[in-house]
Structures are given as structure tokens and as C-alpha cells.
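As the structure is a computational prediction, the values presented were derived from the model and not from experiment. One is the number of the first residue; the rest follow in order along the sequence.
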Amino acid sequence: MLQSLKSVRQLAMSAMKQSVPVTEFRMPVPWGEMRGRVWGPEHGRPVLCIHGWSDNSGSFNNLIPLLPADWRCVAVDLPGHGLSSHRPAGVFYTFPTYIADVRRVIEALQWKRFSIIGHSMGGNISGMLCVLYPDMVEALVLLDSYGFLPVDVKRMGRIMRRGIEEMLEYEKKLQERKERIYTYEKAKERLKAANQYLSDKSVEILLERGVQEVDGGVVFTRDVRINLTNIIRNTLEQCLEMQSQITAKVLVLRASHGLEKTFPQPEEIAVPLLKGWSGERNTIVTVEGDHHVHLNNPESVAPIITDFLLSQTSQQMANESGVDQSAKL
């Protein structure tokens with residue numbers, strides 16, 4: 001007999017009280033390795049967590065322990081971030097290559113179908129992944145992310161040119177460039193200055209994978225090339241078309257003082273994208289908090305994410321049995 005969604009939630013809340021095993025994720029890639037962290041049992045419900053630009057898998061350290069303990073949550077360090085290897089010399093960081101990275105991770109995990117929690121840039125990567133691999137993604141949670149990041153078609157050429165010129169300039173100065181060494185406290189100050197919304201504890205969590213010790217102090221682990229302009233972008237029309245092709249159910253979790261404050265988009269871009277998520281299949285929720293609300297105040301988003309993903313499980317069970325489970329809720 002099928003359990004009601006209420007019963008499923010009660011079991012999940014009980015599971016949350018149990019200790020969740022955490023292990024390090026490592027997998028080889030042609031240019032080195034990708035790293036990350038894994039929570040939960042080996043055969044638990046698969047949930048992939050993708051962090052935002054310049055962050056790392058530590059971004060989910062506070063959130064995942066508040067999710068059901070029987071979920072298998074894998075949070076990866078994208079290439080050039082955290083403890084994952086930097087891309088080879090001369091290679092750009094672009095959304096298509098990030099998607100290929102995630103596809104490699106899925107292959108290594110041998111997941112056939114899974115859910116995704118994507119924060120900021122991680123949400124943009126997730127949106128495109130849903131389009132390219134619709135049969136793989138069961139549900140998508142966009143954590144303070146539009147799901148796509150379009151640009152005005154008139155600016156496309158200038159953006160590509162700027163990114164190429166930035167890479168060439170970077171390569172010219174590569175021999176002269178010396179890695180700057182910080183004390184740990186100075187590294188904390190720099191990260192905090194770059195993101196004033198991060199709490200002191202959140203800064204320390206991101207620095208666990210964001211710096212490494214060297215003689216004389218610490219250096220940041222991220223590749224400075226991630227700061228270069230992304231040369232492969234899509235127009236609003238292309239993004240809206242891709243958005244319309246997504247078959248997975250989507251939860252858009254917006255922070256009241258989040259993306260619109262830290263990285264505001266023109267109204268002619270933001271409004272159509274949000275409208276595209278307003279269909280019956282999707283859910284838009286606004287919570288009090290900043291762009292890193294899932295790291296600074298995870299308790300405000302964990303129940304929403306849990307209910308949303310459990311509702312997809314309940315509906316899938318109903319569909320597989322041929323019973324309209326919604327009538328029992």
C-alpha cells in the first residue's frame with residue numbers, strides 16, 4: 001500500500017535525527033581529478049548539489065545535514081573550484097564544459113535518475129542539464145538562481161571578444177604572475193570583503209576547501225581564470241526556448257535579499273525568466289535571507305526543499321501504481 005505524503009515526511013524527519021555518514025568524493029578526469037563530499041547511504045535517494053561561481057561543495061555543508069538522512073547527496077567541487085583540478089592551460093571555463101563535467105560525475109556515480117539542487121551559477125548549469133538530459137532529472141531546486149543567464153544579443157559579440165582578450169592577457173602575464181600568499185585571517189578578510197553577506201562561520205566553511213597551506217601561509221585553491229568573462233552565452237530567446245523544454249518539476253527558491261541585490265538583471269530579462277517558471281508544474285517560493293541563505297540560514301530552506309522533493313517521490317509512486325495519490329493527501 002502506498003504511503004501518504006504525510007507519512008513519508010514523518011519518516012524523513014525521523015531519518016534526519018540519525019547521524020549521516022560523510023565521505024570524500026574523488027574521481028579522475030583527463031586533466032586531473034574532481035572532488036567533493038558525499039552524505040548518506042550508498043543506495044539512498046540520489047541528489048546532486050552544484051555550487052555557485054567561486055564557491056565550492058562546502059556551500060552545502062549546513063544544508064544537507066538538515067535533509068533526510070536516507071538521501072544520497074553528492075556535492076561536487078566544479079573544476080577550478082575547491083579541491084578539484086584546474087582546467088588545462090589555454091582552456092576556457094564555460095557552461096557547456098561544466099555540463100560535461102557534471103555528466104562525467106553522473107557516469108561515475110552510475111545514477112540513472114536523480115534530483116538536483118543548484119545554487120546561483122550551479123542553477124544555470126542545472127537548467128541546461130535538464131534540457132540536454134531530460135530523462136535523467138526527476139526534479140530541480142534552483143537556490144536563488146534564474147536557471148539560465150541570458151545576455152542581450154547586441155552584446156554577444158562584445159562579450160565573446162572581451163573574454164578572449166582577457167584570456168590572452170592572462171597568458172601573457174602568466175610567467176610573471178606569483179601566487180599571493182595570505183595568512184588565514186587575511187584570507188578570511190578577503191573572502192568576506194568579496195561577499196559581505198557571508199557570516200563568519202560561512203566564510204570558514206568555504207575556506208575549508210577554498211585555501212590550502214603553503215610555506216608562509218595559505219593560497220586560494222580556485223583558478224583565477226574563473227574570473228574571466230564566460231565567452232559562451234545564450235540570448236533571452238534561446239534561454240526561454242530551453243526553459244520551455246524542461247520536463248522536470250522545478251522549485252525556484254528566491255532569497256529576499258539575494259540575487260537581485262548581488263547580481264541584478266535587467267527587468268526585460270528577469271521578468272520573462274521568472275514568468276517561465278510560473279507554470280502549474282513548478283513552484284516559486286521567496287524566503288527571507290541573502291544569496292547564501294542555504295549556507296547562512298539553512299533551516300529556513302531545508303523544510304521547503306524536503307517537502308518539494310518528497311512530493312515528487314510520492315507522485316512518482318502514485319504514477320507507477322496507477323493510483324491518483326493526490327486524492328489521498
Does one hydrophobic cluster hold both [X] and [Y], with members joined at side-chain heavy-atom distances below 4.5 Å?
{"X": "Leu207", "Y": "Leu83", "value": "no"}
{"X": "Val141", "Y": "Leu274", "value": "no"}
{"X": "Met242", "Y": "Val102", "value": "yes"}
{"X": "Val224", "Y": "Leu168", "value": "yes"}
{"X": "Leu251", "Y": "Trp277", "value": "no"}

Check whether [X] reaches the backbone of [Y] with its side chain - one donor and one acceptor, N or O, closer than 3.5 Å.
{"X": "Asn234", "Y": "Cys239", "answer": "no"}
{"X": "Asn56", "Y": "His81", "answer": "no"}
{"X": "Thr221", "Y": "Gly210", "answer": "yes"}
{"X": "Asp144", "Y": "Ala255", "answer": "yes"}
{"X": "Ser145", "Y": "Leu142", "answer": "no"}
{"X": "Arg72", "Y": "His43", "answer": "no"}
{"X": "Glu166", "Y": "Thr229", "answer": "yes"}
{"X": "Lys192", "Y": "Leu198", "answer": "yes"}

Who passes ring pair (Phe, Tyr, Trp, His ring centres under 6.0 Å) against [X], sequence neighbours left out?
{"X": "Tyr197", "value": "none"}
{"X": "His291", "value": "His119"}
{"X": "Tyr98", "value": "none"}
{"X": "Trp111", "value": "Phe114"}

Within the supplied structure, the quantity of interest is the number of heavy atoms (other residues, nucleotides, ligands) at a distance under 6.0 Å from [X] [atom1]; does it exceed 12?
{"X": "Glu267", "atom1": "CD", "value": "no"}
{"X": "Arg180", "atom1": "CZ", "value": "no"}
{"X": "Arg281", "atom1": "CZ", "value": "yes"}
{"X": "Glu24", "atom1": "CD", "value": "yes"}
{"X": "Glu268", "atom1": "CD", "value": "yes"}
{"X": "Met136", "atom1": "CE", "value": "yes"}
{"X": "Glu42", "atom1": "CD", "value": "no"}

Can you find a heavy atom in the side chain of [X] that is under 4.5 Å from one in the side chain of [Y]?
{"X": "Thr306", "Y": "Pro68", "result": "yes"}
{"X": "Pro150", "Y": "Leu273", "result": "yes"}
{"X": "Leu228", "Y": "Tyr93", "result": "no"}
{"X": "Gln243", "Y": "Pro272", "result": "no"}
{"X": "Asp101", "Y": "Val29", "result": "no"}
{"X": "Leu206", "Y": "Ser59", "result": "yes"}
{"X": "Pro79", "Y": "Trp31", "result": "yes"}
{"X": "Arg222", "Y": "Trp53", "result": "no"}

For Arg158, all residues meeting side chain to side chain donor-acceptor pair (under 3.5 Å), sequence neighbours excluded: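 If we apply the side chain to side chain donor-acceptor pair (under 3.5 Å) test to Arg158, skipping adjacent residues, there are no hits.
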Phe60 and His294 aromatic centres sub-6.0 Å: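 Between Phe60 and His294, the centre distance is under 6.0 Å.
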Nearest-0.5 Å distance that lies between atom [atom1] in [X] and atom [atom2] in [Y]:
{"X": "Tyr133", "Y": "Ile116", "atom1": "OH", "atom2": "CD1", "value": "12.0 Å"}
{"X": "Leu132", "Y": "Gln245", "atom1": "CG", "atom2": "CD", "value": "9.0 Å"}
{"X": "Met156", "Y": "Ile159", "atom1": "CE", "atom2": "CD1", "value": "7.0 Å"}
{"X": "Leu295", "Y": "Lys201", "atom1": "CG", "atom2": "NZ", "value": "10.0 Å"}
{"X": "Met128", "Y": "Gln238", "atom1": "CE", "atom2": "CD", "value": "9.0 Å"}
{"X": "Cys130", "Y": "Phe148", "atom1": "SG", "atom2": "CZ", "value": "7.5 Å"}

Verdict with supporting geometry, Arg35 and Arg26, side chain to side chain contact (heavy atoms under 4.5 Å, CB included): CA-CA 5 Å; Arg35 299 277 294 272; Arg26 306 182 75 146; 3.4 Å; yes
Chi angles and distances behind the side chain to side chain contact (heavy atoms under 4.5 Å, CB included) call for Met27, Val105: CA-CA 8 Å; Met27 62 166 282; Val105 171; 3.7 Å; yes
Worked verdict on Ser84 versus Leu78 for side chain to side chain contact (heavy atoms under 4.5 Å, CB included): CA-CA 6 Å; Ser84 288; Leu78 293 170; over 6 Å; no
Shortest non-hydrogen contact from [X] toward [Y]:
{"X": "Ser120", "Y": "Gly52", "result": "CB-CA, 4.1 Å"}
{"X": "Asn296", "Y": "Ser202", "result": "OD1-OG, 2.5 Å"}
{"X": "Gly163", "Y": "Ile231", "result": "CA-CG2, 3.5 Å"}
{"X": "Ala69", "Y": "Pro41", "result": "O-CD, 3.2 Å"}
{"X": "Ile125", "Y": "Phe95", "result": "CG1-CD2, 3.9 Å"}

Worked check of salt bridge (charged side-chain N to carboxylate O under 4.0 Å, His left out) between Asp223 and Arg225: CA-CA 5 Å; Asp223 189 342; Arg225 287 178 295 170; 2.7 Å; yes
Arg190 NZ/CZ over Tyr182 ring centroid, <6.0 Å and within 45° of normal: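 Ring-cation test returns no.
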Intermediate values then yes/no, side chain to side chain contact (heavy atoms under 4.5 Å, CB included), Arg37 and Ile64: CA-CA 11 Å; Arg37 300 189 81 199; Ile64 292 177; over 6 Å; no
Salt bridge (charged side-chain N to carboxylate O under 4.0 Å, His left out) evaluation trace for Glu189 with Lys186: CA-CA 5 Å; Glu189 290 177 11; Lys186 288 295 183 182; 3.6 Å; yes
Arg209 and Ser57: CA distance, side-chain angles, deciding distance, side-chain hydrogen bond (donor to acceptor under 3.5 Å, both in side chains) verdict: CA-CA 8 Å; Arg209 306 177 76 87; Ser57 59; 3.1 Å; yes
Co-members of Ile181 in a cluster of I, L, V, M, F, W and Y side chains, linked at under 4.5 Å: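 Besides Ile181, the cluster holds Val214, Val219.
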